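Only one structure is covered here, and it is reproduced in the block below.
We use all heavy atoms of the structure for the numbers below, so side chains are in, but hydrogens, waters and symmetry mates are not. In this text the structure is predicted, and so the values were computed from the model without any measurement.
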Amino acid sequence: MALRTVYFGTPPFAVPPLQALIDSAVADVIAVISQPDKPAGRGRRLTPPPVKVLAEQHGIPVLQPARLRGTGFAQQLAALHPDVAVVAAYGKILPRDVLEAPRLGCINIHASLLPRHRGAAPIQWALIEGDAETGVTIMRMDEGMDTGPIIAQERVEILEDDDQQSLSDMLSMTGARLMVEVLEEIARTGEIRSVPQSDALATHARLLTKDDGLIDWDRPARRVVDHIRGVTPWPGAQTANGARLFKVLQAEPIPADHPGAEPGDVVEIDARRGFVVAARDGFV
């Protein structure tokens, strides 16, 4: 029998998992919860989030509460009699009464190998910190920030040319498949099996700000490149030349020989590679 499933999600990352649940035999998606429509584009027209668009294409009711606490939303959710809630990049922390509304609780798709990179920007920080691999964790949610016990994990190699977008796409598809497998196991056994995280191994992946896009050339060349990958496409890598800011769309460590070059110096303008800039211990 299919699990009565409520889905919480908002951005493009959350679209493949919702589609996978819709296509599966294990989930009966009875409602989708998403962030409110927001102004977008030059005209600032109210635009629905991608998850809402997909849900409406399949005739699934969509709820978009501005707030979850103190609004009666938990009671509204409980009235749907869900077996389980699946959460993927929803954008708000779920309070206790919402977490307890589904019969089996809430399960989250998190884009890292927890407890590494707890927080709102795990994909970005895996790139910025030069991780060789990351992955997806399916966890049972509690009131903490990505602190719940782990149900399943799958590792994903970070490729040399990955940026936020390419790595997000890969992790979203991996999470979609893994979540369906987890729900199939829950439906078969009637229970959720999980193991606690180790808080001692936890790191925090905070949200990026626009200031995080500014490149610090006084770092090793490899770390400069990792930073650029991690802030592409948002907030975007930038470098200052006097009062002017220049966007950097792509970079790689390169061999070059320019004795005496200081970090940030443009030492070449290569016809194929573009600007060659000195870092602390190499060139980008």
Side-chain angles (χ1 to χ4, degrees), residues 5-22 27 29 31-38 40 47-56 60 62-68 77 84-95 98-99 102 105-127 134-148 150-154 156 162-180 182-183 204-209 230-235:
T5 304
V6 172
Y7 187 80
F8 287 74
T10 301
F13 178 88
V15 170
L18 175 57
Q19 186 66 64
L21 295 180
I22 293 170
V29 183
V32 163
I33 320 300
S34 195
Q35 292 287 325
D37 297 359
K38 293 184 178 180
T47 302
V51 164
K52 177 183 178 180
V53 173
L54 177 61
E56 290 185 336
I60 301 171
V62 178
L63 303 175
Q64 296 177 276
R67 293 174 53 242
L68 300 181
L77 179 61
V84 67
V86 173
V87 182
Y90 171 57
K92 289 182 184 292
I93 293 177
L94 305 190
V98 173
L99 292 172
C106 298
I107 300 174
N108 180 245
I109 303 173
H110 185 78
S112 83
L113 296 173
L114 291 173
R116 184 161 177 78
H117 299 312
R118 291 177 180 172
I123 295 170
Q124 292 90 328
W125 285 101
L127 290 164
T134 184
V136 171
T137 300
I138 309 297
M139 69 170 186
R140 188 164 192 168
M141 297 179 70
D142 59 19
E143 292 183 273
M145 174 65 78
D146 303 321
T147 55
I150 294 169
I151 301 170
Q153 288 186 319
E154 183 166 326
V156 171
D162 271 328
D163 61 12
Q164 284 179 27
Q165 190 61 60
S166 62
L167 188 54
S168 177
D169 290 345
M170 174 60 70
L171 294 174
S172 177
M173 296 300 295
T174 301
R177 175 177 49 75
L178 190 58
M179 176 57 75
V180 170
V182 165
L183 291 184
H204 179 57
R206 63 169 176 83
L207 276 174
L208 298 182
T209 69
V231 299
T232 301
W234 195 92

Query - Atom CE of M141 with >12 non-hydrogen neighbours under 6.0 angstrom - result: yes

Query raised in the report: With a 3.5 Å cut-off and no angle check, do the side chains of Q64 and S34 form a donor-acceptor pair?
Result: no

Query raised in the report: For D169, which residues count as a side chain to side chain donor-acceptor pair (under 3.5 Å) partner, sequence neighbours excluded?
Result: Q165

Report summary line: R140 meets the side chain to side chain donor-acceptor pair (under 3.5 Å) criterion, sequence neighbours left out, with none

Query raised in the report: Quick one: salt bridge (Lys or Arg N to Asp or Glu O under 4.0 Å) partners of E56, sequence neighbours excluded?
Result: none

Query - Least distance between heavy atoms, A111 atom then T134 atom - result: O-OG1, 3.9 Å

Query raised in the report: Which residues pass the side chain to side chain contact (heavy atoms under 4.5 Å, CB included) test with T147, sequence neighbours left out?
Result: R118, D142

Requested in this report: Please lay out, stage by stage, how T137 and Q153 fare under the test side chain to side chain donor-acceptor pair (under 3.5 Å).
Outcome: CA-CA 4 Å; T137 300; Q153 288 186 319; 2.8 Å; yes

Query raised in the report: Got a donor-acceptor contact below 3.5 angstrom from the T10 side chain to the Q35 backbone?
Result: yes

**Report entry** Derivation of the side-chain contact (heavy atoms from CB on, under 4.5 Å) call for I33 and V51
**Finding:** CA-CA 9 Å; I33 320 300; V51 164; over 6 Å; no

Requested in this report: Could you list the residues that satisfy side chain to side chain contact (heavy atoms under 4.5 Å, CB included) with V182, not counting sequence neighbours?
Outcome: I138, I151, A152, I186

Query raised in the report: With R206, which residues qualify under salt bridge (Lys or Arg N to Asp or Glu O under 4.0 Å), at least two apart?
Result: D212

Query raised in the report: Are V32 and L18 side-chain neighbours, meaning at least one heavy-atom pair lies under 4.5 Å?
Result: yes

Requested in this report: Could you give me the CA-CA distance, side-chain angles and deciding distance for L68 and Y90, then say whether side-chain contact (heavy atoms from CB on, under 4.5 Å) is met?
Outcome: CA-CA 12 Å; L68 300 181; Y90 171 57; 3.7 Å; yes

